[in-house]
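Working notes for the structure below.
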Amino acid sequence: DGGITQSPKYLFRKEGQNVTLSCEQNLNHDAMYWYRQDPGQGLRLIYYSQIVNDFQKGDIAEGYSVSREKKESFPLTVTSAQKNPTAFYLCASSSQTFPAEAFFGQGTRLTVV
Amino acid sequence: AQSVTQLGSHVSVSEGALVLLRCNYSSSVPPYLFWYVQYPNQGLQLLLKYTSAATLVKGINGFEAEFKKSETSFHLTKPSAHMSDAAEYFCAVTRRLRRNTPLVFGKGTRLSVIA
């Protein structure tokens, strides 16, 4: 089945450590996105990529980094510079059809202790 | 810039009652509008989308939404709530004229269904 796979589902890290969240899609979508979800805040855009080897900052990119070396993969690194990294992270992708809705992964819940 | 405002962070209805979740949008160009549903600790699932083909849009699970340009609204309704409808619902908007533009989401409305 086609879809978006995020791993791991739960992740615990010590404060000050970098951590990388995985996102893989087999939908052959060009665009991929990372959102952060906090209670009562909705989804806020961290980074997005419309094509391989290119990505743009979203509204809350500080303390995060991404890469897009392959069409299928869009990993997100949460760095030690991110002041409040504990959150639910959602990866999504969309196709070139218009209008293209976003398809979402199951999310990764990151807890920093 | 585009944005959506969801009125009411929490809505509670009785089983069998009408569900009405409100969404108002702000956009300088004709928008595309979406409703998504999220169950606890899961990703988002598309319920329906407005693409200008019809102002009344039918989605999955018996939900529908009506685009009203004069009111800049895209409210989500379901005639009869079911216990399984309890979830969080998000309205989202994107620009009409550009491909692969990220969706902008509202803050969500949590729907509770009382037996």
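The sequence lines fix the lettering, A, B, ..., with proteins before strands; numbering per chain opens at 1.
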Q: Verify the cluster assignment for A:Leu43 and A:Ile4: are they in a single hydrophobic cluster under the rule of side-chain heavy atoms below 4.5 Å apart?
A: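 A:Leu43 does not cluster with A:Ile4.
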Q: Would you kindly confirm whether A:Phe103 and A:Tyr33 end up in one hydrophobic cluster when ILVMFWY residues are joined by side chain heavy atoms under 4.5 Å apart?
A: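 Different clusters.
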Q. B:Tyr36 side chain to A:Ala102 main-chain N or O, any donor-acceptor pair under 3.5 Å?
A.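 A pair under 3.5 Å: yes.
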Q: Kindly compute the distance separating OG1 (B:Thr51) from CD (A:Glu101), expressed to the nearest 0.5 Å.
A: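 Spacing of OG1 (B:Thr51) from CD (A:Glu101) equals 10.0 Å.
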Q: Give the member of B:Gln38, B:Glu88, B:Gln6, B:Arg110 that has the highest number of heavy-atom pairs under 4.5 Å with chain A.
A: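 With the most close heavy-atom pairs to chain A, the winner is B:Gln38.
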Q: Please name the pair of heavy atoms, one in A:Phe88 and one in B:Asn41, separated by the smallest distance, quoted to 0.1 Å.
A: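 Residues A:Phe88 and B:Asn41, closest heavy atoms: CZ-C, 4.1 Å.
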Take atom [atom1] in [X]; do more than 12 heavy atoms of anything else shown fall under 6.0 Å from it?
X: A:Lys71; atom1: NZ; result: yes
X: A:Arg44; atom1: CZ; result: yes
X: B:Lys69; atom1: NZ; result: no
X: A:Ile51; atom1: CD1; result: no
X: A:Gln17; atom1: CD; result: yes

Q.
Working note: A:Gln37 + B:Phe90, criterion side-chain contact (heavy atoms from CB on, under 4.5 Å); need CA distance, chi angles, decisive distance, verdict.
A. CA-CA 12 Å; A:Gln37 184 177 16; B:Phe90 293 93; 3.3 Å; yes
Q: Answer with side chain, backbone, both or neither: which region of A:Gln56 has an atom nearer than 4.5 Å to a non-hydrogen atom of chain B?
A: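 For A:Gln56, neither part sits under 4.5 Å from chain B.
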Q: Side chain from CB out, backbone as N, CA, C, O: work out which of these in A:Leu45 comes under 4.5 Å of a heavy atom of chain B, or both, or neither.
A: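 Looking at A:Leu45, just its side chain touches chain B.
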**Q.** Stepwise side-chain contact (heavy atoms from CB on, under 4.5 Å) test for B:Leu103 and A:Tyr35
**A.** CA-CA 10 Å; B:Leu103 297 182; A:Tyr35 289 90; 3.8 Å; yes
Q | Interface moiety of B:Leu44 toward chain A, non-hydrogen atoms closer than 4.5 Å | A |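 For B:Leu44, heavy atoms of backbone and side chain both lie under 4.5 Å from chain A.
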